[in-house]
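Beneath this line is the structure, given in structure tokens, with notes to follow.
In listed order, ligands and their atoms are each counted from 1.
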Amino acid sequence: MPRLITSILSLLLAVQLSSCRSQEEQHAEYFVFGTLVEVVVRDTNEQLAARAFGDLQQRFQAMHRDLHAWEPGALTRINQAFSEGRSVTVPPGIQTLILRSQELEVLTGGRFNAALGAMIELWGFHTSQYPVRGPVPGAPVIQLLLDASPSTADIVIEDGMVHSTNPAVQLDFGAIAKGFAVDLALDILAEYGIENALVNAGGDLKASGGSADWPWTIGIRRPGGGVIGGVEITGSEAVFTSGVDQRFLEHSGGRYPHILDPLTGMPVKGVASVTVIAGEALLADVAATALIVAGRDSWLEVAHALGLNEVLLIDDQGDIYLTAEMNDRLILSPGLKIELNIVD
Ligand code: AMP
Ligand code: MG
């Protein structure tokens, strides 16, 4: 029986299409980061899997608490200190996320900017209730935040303490935390000796340990329904998608997606979704978001700057663009008649 892994957040969603040996798999489900997270492990005895699943539960809960952008916790405490010019202690996980965010803000030419929390809040996107009902923020208040130019480059970490030289910096890990958590989940499973596993966070996922005769098969859906095709994972790889049709602000018939262009403070336009395959889930997560911001003109250039070759973009007309490397990976659904624009 085909197993369908449903997505809450992703527009293109990944499905584990089928497994003829599903009786050799064990499953756990968690609800974290506003998403159903499913973990599947293979070749593992029940007791070991149960212990690993219990550990994951605690680690996911801790990450949810520490990384949440608006529920009171470690991150809101740090953001409060930033706005008051104070220095505070920084947990190791957040320290890692700040350092990676700094690096990736540079590599994406500022399209990924984890210091954009105030602008994201201004648009009403610090919520779990979608769609957000307007109004659209006024141009003067957007401009005020743009002029303050928050950047993760303003953040200084010293001896386990962190402060910001710019009070406008407010961390929001919405575009990176899920990837971080998925990488960590697979690392934790590996510590238990579980090397053959899939962690699927609402359609964003990473698998490890699949073999040529028993790969992890991931389906890639297109916005509005249907499956474009599948991708087989045999090593350790992540497949992440960012899309604009699930989370947005709605006002006067207009839709304003939850992904903002840091250059303008405005929601992105022109792209429906981006799917990225990468070795690291954190990188795939950030890249999917940043390439939506980059848009039709610059997505390929930014992908290459990030060292990524396997990328698929669907624009707001439903046209599909993909790299030759992604095309090589994609196993098109039988009988499907779609035009693929291969770019390099
Ligand atoms: P994702 O669903 O992975 O594309 O991440 C979107 C989330 O990342 C949003 O809900 C915001 O919290 C945050 N975000 C939006 N725009 C950006 C951006 N340009 N750079 C970094 N984070 C962003
Ligand atoms: Mg992302």
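Looking at Gln170 and Met119, their side chains never come closer than 4.5 Å, going by heavy atoms from C-beta outward. Put simply, the side chain of Phe112 does not reach to within 4.5 Å of the side chain of Val293, judged on heavy atoms. Proximity of Ile155 to Phe82: side-chain heavy atoms (C-beta onward) are separated by under 4.5 Å at one or more points. Within the 4.5 Å cutoff, no side-chain heavy atoms of Val162 are placed close to those of Gln95.
Of all atoms in ligand 1, listed by their number and element, those nearer than 4.0 Å to a heavy atom of Asp285 are 3 (O). Listed by atom number, the atoms of ligand 1 under 4.0 Å from Pro262 heavy atoms are 19 (N). Near Phe112, with a cut-off below 4.0 Å to any heavy atom, the atoms of ligand 1 are 20 (N), 21 (C). Remark: ligand 1 atoms within the under-4.0 Å shell around heavy atoms of Ala175 are 3 (O), 5 (O), 7 (C), 8 (O), 22 (N). Atoms of ligand 1 lying under 4.0 Å from any heavy atom of Arg247, numbered from 1 in the order shown and given with element: 2 (O), 10 (O).
Residues Arg133 and Glu250 are paired through a salt bridge, judged by an N-O separation under 4.0 Å between the basic side chain and the carboxylate. Salt-bridge formation is detected for the pair Asp204/Lys178: a Lys NZ or Arg NE/NH1/NH2 atom is positioned less than 4.0 Å from an Asp or Glu carboxylate oxygen. Salt-bridge formation is detected for the pair Lys206/Asp183: a Lys NZ or Arg NE/NH1/NH2 atom is positioned less than 4.0 Å from an Asp or Glu carboxylate oxygen. For the pair Glu237 and Arg329, the salt-bridge criterion is met [side-chain N within less than 4.0 Å of a carboxylate O].
One option in Leu260, Ile120, Thr108, Asp172 has a heavy atom closer to atom 23 (C) of ligand 1 than any other, and that option is Ile120.
At a 3.5 angstrom cut-off on N or O pairs, Ser242 counts as close to ligand 1. On a distance-only criterion, Ile259 and ligand 1 share no N/O pair closer than 3.5 Å.
Geometrically, Arg42 engages Trp216 in a cation-pi contact defined by less than 6.0 Å to the ring centre and at most 45° from the axis.
Residue contact check for ligand 1: His126 places no non-hydrogen atom closer than 4.0 Å to it.
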Pair Tyr30, Phe60 - check ring pair (Phe, Tyr, Trp, His ring centres under 6.0 Å), show working. CA-CA 8 Å; Tyr30 311 87; Phe60 280 142; 5.2 Å; yes
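Distances from the Mg ion (ligand 2) show that Thr289 has an N/O/S atom below 2.8 Å.
Protein heavy atom closest to atom 1 (P) of ligand 1, with residue, atom name and distance, is Thr289 OG1, 3.3 Å. When only non-hydrogen protein atoms are considered, atom 15 (C) of ligand 1 lies nearest to His258 O, 3.4 Å. Ranking protein heavy atoms by distance to atom 20 (N) of ligand 1, first place goes to Asn113 N, 3.0 Å.
With respect to the Mg ion (ligand 2), Asp285 has OD1 as its nearest N, O or S atom.
When non-hydrogen atoms are compared, ligand 1 lies under 4.0 Å from the backbone of Arg111 (N, CA, C, O) but not from its side chain.
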